[in-house]
Amino acid sequence: MKTLDIEAVQAFVLTADMKSFTRAAEVMDTTQSTISLKIRRLETALGRRLLDRTPRLVRLSADGGSFLPAARSLVAAHQGAFNAFSDAKPRRLVVGVSHHVVGSELPRMLRGLNRADPALTLEMRIASSLDVLDEFDAGRLDAAVVLRHDSRRLDGELLLQEGFGWMGAPDFEWTAGQPLRLATQAEPCSVRAMAVDALGQAGVPWTEVFVGGGVSTIGAAVSAGLAVAALGRRVAPAGTMDLGPRLGLPPLPSRDVVLHTGPTDAQARGALRALGAAIRATAVGP
């Protein structure tokens, strides 16, 4: 009877979920070339091409799409068998995340993290980067994912660089010289400060017409055409666009998205590798 390499199947599932050999390699704590080799050997064993590879894109082939549900079940069954006699308590990981780091891609990010470690209990706390760092420094968080706005903390793992734009509905209208209608996060918010500083330096008048409690509420106001908002292009709502060039608004700086970690046990390290990879997998081009 033929058997399949369970690590190769896991590599295939992670690569399919994250659409990247590199991100899958991060989760499995190995190299991109090792992941690629495992999947090629799996394809050889099955006699099917599972992935279509291009220099910029990895996607499922028709056979890969057919195989993926069975592959997920196999990985889950293997993990269940492996844990059958384990008396360890489920690991709980408390992670603080900046409001401006998570948006409509959150379900995809959580799905990737869950598939990497289904036994993990994740507690996610959403707040401003400043508040998240305070909680982390006080020892109330296992990890923190924040925007780096200043030199307060220069440590941590760089996950990606977030590009910001003046995001709005395509039909949003503004007449130069009139106050620009803004949707913002409540003070204190470093992204809000970044936006109003840029407008002030450019001599653009503005008025705050909506104050939200996170990207989802700000995004709703933007999608409704009420205002524009300084948002990361990666997390901006679908259907919105960067109106800055069209409206002649000043460019906004980018910010590093950084992961700070505290726990050292193996399961936590693995889960945080998966978290970092899942966030990187949401990166978009300029």
Side-chain angles (χ1 to χ4, degrees), residues 4-46 48-76 78-79 93 95 97 101-118 120 122 124 143 145 147 156-163 232-236 238 254-259 261 269-286:
L4 298 177
D5 178 355
I6 191 65
E7 286 193 357
V9 178
Q10 183 183 16
F12 163 70
V13 171
L14 287 170
T15 301
D17 285 344
M18 298 188 169
K19 298 179 175 59
S20 167
F21 291 109
T22 302
R23 303 288 86 84
E26 289 175 16
V27 176
M28 295 186 71
D29 198 21
T30 186
T31 64
Q32 178 179 337
S33 59
T34 298
I35 294 294
S36 181
L37 180 60
K38 284 182 179 295
I39 294 176
R40 287 193 183 279
R41 288 176 174 171
L42 178 63
E43 290 175 322
T44 299
L46 293 170
R48 306 281 178 138
R49 189 183 78 257
L50 301 177
L51 297 172
D52 291 326
R53 303 157 174 87
T54 69
R56 294 182 58 84
L57 182 65
V58 178
R59 62 185 180 187
L60 288 169
S61 67
D63 285 335
S66 298
F67 179 62
L68 185 58
R72 293 197 200 286
S73 297
L74 179 59
V75 171
H78 178 268
Q79 189 64 45
L93 201 65
V95 180
V97 184
V101 172
V102 293
S104 59
E105 87 300 340
L106 181 59
R108 173 184 165 192
M109 189 178 80
L110 294 178
R111 184 163 53 245
L113 182 58
N114 177 256
R115 285 170 178 166
D117 189 352
L120 179 73
L122 177 66
M124 184 172 284
V145 182
L147 293 173
E157 177 187 355
L158 176 63
L159 298 180
L160 54 85
Q161 194 169 70
E162 188 77 277
R233 296 183 185 92
R234 183 180 57 88
V235 301
S254 60
R255 290 287 186 261
D256 291 341
V257 177
V258 181
L259 170 65
T261 59
R269 288 197 303 271
L272 292 172
R273 280 198 309 271
L275 175 63
I279 293 174
R280 284 192 179 100
T282 68
V284 297

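For clarity, every value in this text was computed on a predicted model and none was experimentally measured. Just so you know, residue 1 is the first one in the sequence shown, and it goes up from there.
Applying the salt bridge (Lys or Arg N to Asp or Glu O under 4.0 Å) rule to R59 yields no partners; only residues at least two apart in sequence or on another chain are considered. Checked against ring pair (Phe, Tyr, Trp, His ring centres under 6.0 Å), F21 has no partners two or more places apart in sequence or in another chain. Residues passing the salt bridge (Lys or Arg N to Asp or Glu O under 4.0 Å) test with R48 are D63, sequence neighbours excluded.
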With side-chain contact (heavy atoms from CB on, under 4.5 Å) as the criterion, how do T22 and R280 come out once you've worked through the C-alpha distance, each side chain's angles and the decisive distance to 0.1 Å? CA-CA 10 Å; T22 302; R280 284 192 179 100; over 6 Å; no
Verify side-chain contact (heavy atoms from CB on, under 4.5 Å) between V13 and L68, making sure each step is shown before the conclusion. CA-CA 7 Å; V13 171; L68 185 58; 4.2 Å; yes
Begin with the C-alpha distance, continue with both residues' side-chain angles, and end with the deciding distance and a verdict on side-chain contact (heavy atoms from CB on, under 4.5 Å) for K38 and D5. CA-CA 8 Å; K38 284 182 179 295; D5 178 355; 4.0 Å; yes
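Side chain of S254 to main chain of Q161: no donor-acceptor pair is present (N/O by atom type, distance under 3.5 Å, no hydrogens or angles). For T15 (side chain) and A11 (main-chain N/O), a donor-acceptor pair under 3.5 Å exists by modelled atom type. Between the side chain of E162 and the main chain of V235, no donor-acceptor pair closer than 3.5 Å is present. In terms of modelled atom types and a separation under 3.5 Å, the side chain of R53 and the main chain of V58 share no donor-acceptor contact.
How far CD of E43 is from CG of L50: 4.5 Å, rounded to the nearest 0.5 Å. The CD atom of E7 lies 10.0 Å from the OG1 atom of T34; values are rounded to the nearest 0.5 Å.
Within the 4.5 Å cutoff, no side-chain heavy atoms of I35 are placed close to those of L14. Between M124 and V97, the closest side-chain pair of non-hydrogen atoms falls below 4.5 Å. Within the 4.5 Å cutoff, side-chain heavy atoms of L37 are placed close to those of R41. Here the side chains of L147 and V257 are in contact, with some heavy-atom distance below 4.5 Å.
Each of V75, L60, L46, L4 was compared with F12 under the side chain to side chain contact (heavy atoms under 4.5 Å, CB included) criterion, and only L60 meets it.
Nearest heavy atom pair, residue A143 against residue L272, reads CB-CD2, 3.6 Å. The heavy-atom pair separating L159 from G276 by the smallest distance is CD2-CA, 3.8 Å.
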